[in-house]
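Structure record follows, encoded as structure tokens.
Just the heavy atoms: all of them, side chains too, but no hydrogens, waters or symmetry mates, feed the values below. Residue numbering restarts at 1 for every chain, and letters A, B, ... go by the order of the sequence lines.
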Amino acid sequence: MKERLIRLEVFRYNPDTDTEGHYQHYEVSCLEEWVVLDALNKVKETLDPTLNFRWSCHMAVCGSCGMMINGEPRLACHTFLRNYPGTIRVEPLVHFPVERDLVTAPDDFMEKLKRVKPWIIRKDKQPIEQGEYRQTPKELLRFRQYAMCINCTLCYAACPEYGLTRHFIGPAALALAHRYNQDSRDQGRDERQEVVATKEGVWECTFVGACSEVCPVHVDPASALQQMKIASSFDWIKEHLLPGGGK
Amino acid sequence: MAKSNKPVVWFPFAAGGTVIAFFIPVIALLTLLVAFGKVPAGLSYESMHSWLADCVLAKLAVFGILALSLWSSAHRLRCTCFDFGLRIDTLVAAVLYSAAIVASLAAAMFLFRL
Amino acid sequence: MSRKPLIREVPPTTWYFRHPRYLRYMSREITSLFVGAYCVLLVCGLGALADGKESYEAFLLALQSPLSIAFHVAAFIAALYHATTWFNATQVAMPIQIGENFVPGSWISGAHYVVWALLSVVVILLAGVF
């Protein structure tokens with residue numbers, strides 16, 4: 001096991017004393033096999049207990065340790081030191097308010113996530129004794145990749161349109177709307193369209209594609225959004241150009 | 001919030017983007033040859049005039065390619081203006097969409113006169 | 001305890017310098033300027049054609065100016081770049097599920113490239129280049 005002296009340049013912000021952020025340098029000896037999160041933990045344990053950051057699972061499942069690493073939104077637990085020969089710049093995810101140091105406030109995302117109703121909506125609830133709503137493997141595969149989302153919000157930090165127009169519902173929430181729309185057990189698409197097909201929904205997206213590039217679990221929000229734009233366009237034609245609103 | 005009418009401008013944008021991708025590179029290649037002084041036989045006055053004057057389908061195809069490409073470019077340019085920080089979207093949209101419509105109408109008029 | 005989160009504004013006119021992928025995106029978007037201008041030029045050519053042989057031939061001759069050559073090269077490159085980004089995006093925008101599995105994305109984009117090549121050859125033959 002090889003050890004290496006890792007140089008970190010870490011964004012600091014203390015809401016009690018600071019009006020803006022600054023960068024603090026740390027040098028800490030790490031094993032080459034470690035990830036950036038390990039380095040941050042070693043800094044906190046041995047050099048500076050005041051450094052704040054969120055983490056939990058250390059295995060790219062919980063989605064808590066998202067941060068900008070050399071300008072790229074990444075999970076710190078999923079970013080190996082061996083791929084970073086020079087100084088590593090660590091900042092809180094952009095496009096989100098900074099609570100303290102590397103901790104950001106995800107409130108806006110959580111509110112938007114709720115608005116797209118990311119749960120199964122049934123118009124006809126079948127009695128429990130009739131058993132579960134069954135699904136074929138084909139129907140499962142239709143939405144499965146979108147169900148992998150861990151709500152880490154890296155895609156929001158990558159999306160310039162979210163940064164420029166804060167009312168945009170954004171990649172992960174819309175991809176999850178698509179996940180339920182595509183689910184054969186769900187009957188709630190009409191309700192979700194009231195959010196998805198608005199100006200704040202898919203129509204703020206200009207298909208930069210950054211969301212899909214940074215997703216640590218290979219969800220493709222850009223694909224979900226383009227599919228929803230096409231479907232929403234056909235909806236519009238049905239509602240406005242066909243007799244009886246296509247109903 | 002009401003559902004957006006964006007499909008009105010987005011649908012022709014998407015159709016136009018496809019048309020541009022399929023046709024504009026090869027057409028640009030042909031006029032590039034003209035620019036280099038090598039006019040392909042099919043681009044001479046006689047042949048252009050004969051296949052455009054006689055064939056309604058050719059007129060429709062040329063109009064379709066031009067109108068959709070113009071619209072698509074206008075729409076994308078509108079988004080680009082916003083991305084460059086120009087925050088007067090309504091004005092930009094009005095100017096660009098009008099320009100696309102005027103150019104399309106001109107194309108229709110020229111084709112009609114042939 | 002009260003919160004005092006730090007808001008960091010995105011620079012609205014220079015944000016795309018923050019990452020190479022944003023520059024790639026902006027260059028894709030800016031192709032529309034060249035393609036749009038090129039289409040206006042085509043409409044002008046159509047106008048010259050409608051005006052008669054003399055004005056059409058004057059139009060073709062005007063295309064040979066150095067400025068026009070530079071513009072045509074730029075428009076051609078822009079159109080090519082647009083086409084590749086557009087066809088590469090088709091697999092993202094229109095995934096196709098046959099049976100259980102999704103058709104590999106490269107097949108969807110690949111099919112578009114094949115059609116593109118065929119259409120281009122047809123147009124070149126129709127124009128009598130060879």
Discussion item. More than 12 heavy atoms of other residues, nucleotides or ligands under 6.0 Å from CG of L67(C): yes or no?
Written reply: no

Item to complete: Report the option among D83(B), L30(B), I24(B), L32(B) that has the most heavy-atom pairs separated by less than 4.5 Å from atoms of chain C.
Response: D83(B)

Worksheet item: chain B heavy atoms under 4.5 Å from W86(C): which part of the residue, side chain, backbone, both or neither?
Response: side chain

Practice prompt. Decide side-chain contact (heavy atoms from CB on, under 4.5 Å) for D51(C) and R113(B); before the verdict, give the C-alpha distance in whole Å, the side-chain angles of both, and the deciding distance to 0.1 Å.
Written response: CA-CA 9 Å; D51(C) 282 346; R113(B) 263 171 47 198; 2.4 Å; yes

Discussion item. Counting only non-hydrogen atoms closer than 4.5 Å, does T31(C) touch chain B with its backbone (N, CA, C, O), its side chain (CB onward), both, or neither?
Written reply: side chain

Response to the item:
Looking only at heavy atoms, the pair that brings A107(B) and V43(C) closest together is N-CG1, 3.9 Å

Fill in: Top of S104(B), A74(B), S73(B), S72(B) for chain C proximity - count of heavy-atom pairs under 4.5 angstrom
S73(B)

Discussion item. Nearest 0.5 Å, please: how far is SG in C39(C) from CG in L66(B)?
Written reply: 6.0 Å

Worksheet, complete the sentence: When the 4.5 angstrom heavy-atom criterion is applied to F71(C) and chain B, the contacting part is neither

Worksheet item: Looking at L63(C), T90(C), I77(C), I124(C), which makes the most heavy-atom pairs under 4.5 Å with chain B?
Response: L63(C)

Worksheet item: Do the side-chain N and O atoms of Y38(C) and T31(B) include a donor-acceptor pair separated by under 3.5 angstrom?
Response: yes

Worksheet, complete the sentence: Of the listed A14(B), G42(B), A21(B), G85(B), the one with the largest count of heavy-atom pairs under 4.5 Å with chain C is A21(B)

Worksheet item: What's the spacing between S32(C) OG and L70(B) CG if we round to 0.5 Å?
Response: 12.0 Å

Discussion item. Restricting to non-hydrogen atoms, name the atom on V34(B) and the atom on Q64(C) that form the minimum distance, rounded to 0.1 Å.
Written reply: O-CG, 3.4 Å

Worksheet item: Heavy atoms, side chains only, cut-off 4.5 Å: are W116(C) and P25(B) in contact?
Response: yes

Worksheet entry | Exceeds 12 heavy-atom contacts within 6.0 angstrom, atom CG of L57(B) | no

Item to complete: Please look at Y25(C) and chain B and tell me whether the side chain, the backbone, both or neither of the residue comes under 4.5 angstrom of a heavy atom of that chain.
Response: side chain

Discussion item. Can you tell me how far apart CG (L49(C)) and CG (L114(B)) are? Round to the nearest 0.5 Å.
Written reply: 5.0 Å

Item to complete: Report the C-alpha distance between V122(C) and V26(B) in whole Å, list the side-chain angles of each, state the deciding distance to 0.1 Å, and finish with yes or no for side-chain contact (heavy atoms from CB on, under 4.5 Å).
Response: CA-CA 10 Å; V122(C) 168; V26(B) 66; over 6 Å; no

Practice prompt. Verify the ring-centre separation between Y45(B) and F59(C): is it less than 6.0 angstrom?
Written response: no

Worksheet entry | Which of F112(B), F84(B), F23(B) touches chain C most, by non-hydrogen pairs under 4.5 Å | F84(B)

Practice prompt. Measure the OG1-NE2 distance between T18(B) and H82(C) for me, rounded to the nearest 0.5 Å.
Written response: 7.0 Å

Item to complete: List the steps and the verdict of side-chain contact (heavy atoms from CB on, under 4.5 Å) for E46(B) and K53(C).
Response: CA-CA 8 Å; E46(B) 287 73 19; K53(C) 188 175 165 90; 2.4 Å; yes

Worksheet item: In terms of heavy-atom pairs under 4.5 Å, which option from G36(C), S65(C), A48(C), G47(C) contacts chain B the most?
Response: G47(C)

Worksheet item: Can you say whether F13(B) sits under 4.5 Å from chain C via the side chain, the backbone, both, or neither, judging by heavy atoms?
Response: both

Worksheet item: Given a strict heavy-atom distance threshold of 4.5 Å, which part of V121(C) is in contact with chain B: side chain, backbone, both, or neither?
Response: neither

Worksheet item: Is chain B contacted by the side chain of F76(C), its backbone, both, or neither, given a heavy-atom distance below 4.5 Å?
Response: both

Response to the item:
So, the part of L119(C) with a heavy atom under 4.5 Å from chain B: the answer is side chain

Worksheet entry | Residue part contacting chain C, namely of I65(B), when any heavy atom lies under 4.5 Å | neither

Worksheet item: In Å, rounded to the nearest 0.5 Å, how long is the span from NE2 of H112(C) to CZ of F22(B)?
Response: 5.0 Å

Worksheet, complete the sentence: Here the gap from R78(B) atom CZ to E29(C) atom CD, rounded to the nearest 0.5 Å, amounts to 13.0 Å

Practice prompt. Report the C-alpha distance between L52(B) and L46(C) in whole Å, list the side-chain angles of each, state the deciding distance to 0.1 Å, and finish with yes or no for side-chain contact (heavy atoms from CB on, under 4.5 Å).
Written response: CA-CA 10 Å; L52(B) 270 180; L46(C) 215 51; 4.0 Å; yes

